2 protein chains.
Amino acid sequence: MKKASLKDIANQLGVSITLVSLVLNDQGDAKGISAKTQKRVKDLAKKLNYKPNQVARSLRMGNSKTIGLIIADISNVFYSAIAKSIEDKAFENGYNIMFMSSEENPDNEAEMIRILLDRGVDGLILSTSFKERKEIRQLRDAKVPFVLIDRYIPGVKTNYVLVDNYQGSFDMTKHLLSMGNNKIAVLNVTPSHLTTMKQRIAGYKDALRMHGLSVNNKLIKEISHDNINYCMEKALKTLLLEEKVHSVFFLNNKLTIAGLELLKKINIRIPQDVSIASFDDIELFRFSYPSITSVIQPKEEIGKLAFEVLLKQINDPELEKQQIVLPAKLVIRESCGSTMHSAFGMSVLKQNNLNV
Amino acid sequence: MKKASLKDIANQLGVSITLVSLVLNDQGDAKGISAKTQKRVKDLAKKLNYKPNQVARSLRMGNSKTIGLIIADISNVFYSAIAKSIEDKAFENGYNIMFMSSEENPDNEAEMIRILLDRGVDGLILSTSFKERKEIRQLRDAKVPFVLIDRYIPGVKTNYVLVDNYQGSFDMTKHLLSMGNNKIAVLNVTPSHLTTMKQRIAGYKDALRMHGLSVNNKLIKEISHDNINYCMEKALKTLLLEEKVHSVFFLNNKLTIAGLELLKKINIRIPQDVSIASFDDIELFRFSYPSITSVIQPKEEIGKLAFEVLLKQINDPELEKQQIVLPAKLVIRESCGSTMHSAFGMSVLKQNNLNV
DNA sequence: CTGAAAGCGCTTACAG
DNA sequence: CTGAAAGCGCTTACAG
């Protein structure tokens, strides 16, 4: 049951490989090949279950109908949800995906890009960990079609699709303020050069200022990605015992989980003792006790649009680069106390309280 | 900055492509190429940042250093965790992964296998949804290296790596019995031909019998994968109101989440009104209220071993097929009531109760 | 020590 | 209407 090739069909029919190729690529009519011959070719192809060898096709055509996807970690549901929606769109369009998890390490990422390009991918979708502009600029200058997701590189004009991190964070901070929490701590995670983190911090600061409060840098803590639990304990103890904050805003879902676990361990009640909120909603936050107020990112939309933008870029490499920023939404749950109405006119999604 | 080829290097150095290829593939010494020439080639290759075109290499060598991964859904953390551990192992060994989500649909799966093979993958890792033996048998007979994960096809000798579904379910049922629940319902999900579901049901039944109880088929409900919420509501209402069961054992994490949500909505208290337990532990179950007693699968181990077995099969296609069944573990949490000790001598992992 | 040549399976100008 | 030929970039027997 060896796979059939063009040659097999050509030999069996006594015609040339060229002819078979033409017919099977629907060039038969254009090249004026007789209907009868075309039918013979197609019938035999079907009978032999012929499918073109994509590797040979790639080599010859210079494209592979494959894209590379580099995210921080495929096992983080934020990325796997995006991966799924990219996959769906890609499959529709005949594209396959190779994925790689960079672990937020720029060296890994550089190597992975190289590997994917050597394998002839037609384009890349990246949640990049690069700090410098160099690598992304090179990629763009080398005319590799690519789309950034989640983060972008300031100062380099590229395609990107991401959520409005500033607005999401601004809105959440305003919500916390409206609940009567004036001392709001915020925890971000290294690598802190990421635009996600920078803009979430900026949104937080501006919301405070707009509320007439000054920013206290002691309330902004950075948690090391490689040592979350240890840093979390140090940070929360300082914030709760010394700074006596009213609430803590965690800037991604991993931080929130680590914080939640710790607060329960040390018997801090939420929201009675401290309110908490999270950027980046996950299913767990609906079911946890208490359920967690958070900023939702449109993951499916990010993936879908990222692929669409990439596809356009692949089909026309000279196309103007496209920047898409999607709105973030708040989900108000229990972790900041109960509220019957939102004090400001932003988009707020109310959810049934599951933990009666 | 066009990519350098062997030809570029050969031309610049005034040697043949053959020589360059040999040197760069570390055949220089074996073929007796002078150290000096070797150095010139290697230096220039480095300078031009030469990397072999993997597509050409694949075509010529008949292998691609790529494997295909077909799972039900990459956005389900059960599969994305496995994907991550496969990825890590694959990367170590110079392999890349193309993934596809079959949605448990055999037609999708057949098409995806075909696509991946046309793209020249060296092997496949599949959480197969096939009901019949035919497709998997064909794959095996075509000498395609592959490893099944999570489920296998009875009656077809293949490589597989999975958890002991029978034992996990048996132990959990015994645990429920030991907690004083005699009327235990069990919910499985379509497609119910999967060995996972069959063996979990078998473990449940045997545990009952070994406890001197007879199996009541009214307590075994099948939930349609395509209509989980509707079926769940119908099933739970019958089980709770008519059958008055003491506990419900959900056979995968999606079912548990749907069940949990529904029970809260209709104000059924866990475990006071009904105990619940889950097969397939996820992070959410540690944080939910109440936290959920469940059967843990060693996801990382499954992924790691699956790749290792696949690699061996790729390197030696005549190798004896390998079957690996890993032990399942219970995590006892709050959803079945509190217990200070386990009534039987199985491996039980105790966890700190997070929801004091 | 080194090179010319074939071939992996395809597509596509070119020629008739 | 149809076919011979070149070429994508590589590897590898074979020859000298």
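Chain letters run A, B, ... following the sequence lines, proteins first, then strands; residues in each count from 1. These numbers were taken from a predicted model, which means no experiment stands behind them.
OP1 or OP2 of C:dA4 has not a single side-chain nitrogen or oxygen of B:Ser16 nearer than 4.0 Å. For C:dT2, one of the phosphate oxygens OP1 or OP2 lies less than 4.0 angstrom from a side-chain nitrogen or oxygen of B:Thr37. Between A:Ser21 and C:dT11 there is a side-chain N or O to OP1 or OP2 distance below 4.0 Å. Between B:Arg60 and the phosphate of D:dG9, there is no side-chain N or O to OP1/OP2 separation shorter than 4.0 Å. Side-chain N/O atoms of B:Tyr50 include one lying less than 4.0 angstrom from OP1 or OP2 on D:dC10.
D:dC1 sits 23 Å from C:dT12 when the P atoms are compared, rounded to a whole Å.
B:Leu6 comes within contact range of at least one nucleobase, with a heavy-atom separation under 4.0 Å. Within the 4.0 angstrom heavy-atom criterion, no nucleotide atom of any strand lies near A:Ser58. A:Val15 comes within 4.0 angstrom of sugar-phosphate atoms only, judged by non-hydrogen atoms across all strands, and of no base.
A salt bridge is absent between A:Lys47 and A:Asp43; no separation between the charged side-chain nitrogens and carboxylate oxygens falls under 4.0 Å. Note on B:Glu92 versus B:Lys89: salt bridge recorded, some NZ/NE/NH1/NH2 to OD/OE distance being below 4.0 Å. Between A:Glu104 and A:Arg151 a salt bridge is recorded (basic side-chain N to carboxylate O distance below 4.0 Å). Note on B:Glu320 versus B:Lys157: salt bridge recorded, some NZ/NE/NH1/NH2 to OD/OE distance being below 4.0 Å. One finds a salt bridge joining B:Lys304 and B:Glu308 here, because a Lys/Arg side-chain nitrogen approaches an Asp/Glu carboxylate oxygen to under 4.0 Å.
The side chain of B:Ser5 lies closest to D:dG9 when the candidates are D:dT2, C:dC10, D:dG9. In the set C:dT12, D:dG9, C:dT2, C:dT2 carries the atom at the smallest distance from any side-chain atom of B:Ser34. Closest contact between the side chain of A:Pro52 and the listed nucleotides C:dT2, C:dC10, C:dG3 involves C:dC10.
Nearest-nucleotide mapping onto DNA chain C: of B:Thr18 and A:Asn25, the residue sitting toward the 5' end is B:Thr18. Heavy-atom distances to DNA chain C give each of B:Gly14 and B:Leu59 a nearest nucleotide, and the one nearer the 5′ end belongs to B:Gly14. Between B:Leu22 and B:Ala56, the residue anchored closer to the 5' end of DNA chain D is B:Ala56, taking for each the nucleotide with the nearest heavy atom.
Counting heavy-atom neighbours within 6.0 Å of B:Lys31 NZ, excluding the residue itself, gives a total of 12 or less.
The nearest whole Å value for the distance from the CG atom in A:Leu24 to the P atom in C:dT11 is 8 Å. B:Asn11 has its CG atom 13 Å from the C1' atom of C:dG3, to the nearest Å. Counting to the nearest Å, the P atom of D:dA6 and the CD1 atom of A:Ile17 are 14 Å from each other. In this entry the distance linking CD of B:Gln27 with C1' of C:dT2 reads 15 Å, nearest Å. One can place CG of A:Leu19 at 14 Å from C1' of C:dT11, the figure rounded to the nearest angstrom. Atom C1' of nucleotide D:dA15 and atom NZ of B:Lys31 are separated by 12 Å, given to the nearest angstrom. Here C:dC10 presents its P atom at 9 Å from CG of A:Asp8, a figure rounded to the nearest Å. Across the protein-nucleic acid pair, B:Gln54 atom CD and D:dC8 atom P stand 18 Å apart, rounded to whole Å.
Between the side chains of A:Gln38 and A:Asp29, at least one donor N or O sits under 3.5 Å from an acceptor N or O.
For B:Tyr95 and B:Phe307, the ring centers sit closer than 6.0 Å to each other.
Taken together, the paired segments of DNA chain C that extend over three or more consecutive Watson-Crick or G-U pairs, each closer than 3.5 Å at both contacts, are C:1-3 with D:14-16, C:5-12 with D:5-12, C:14-16 with D:1-3.
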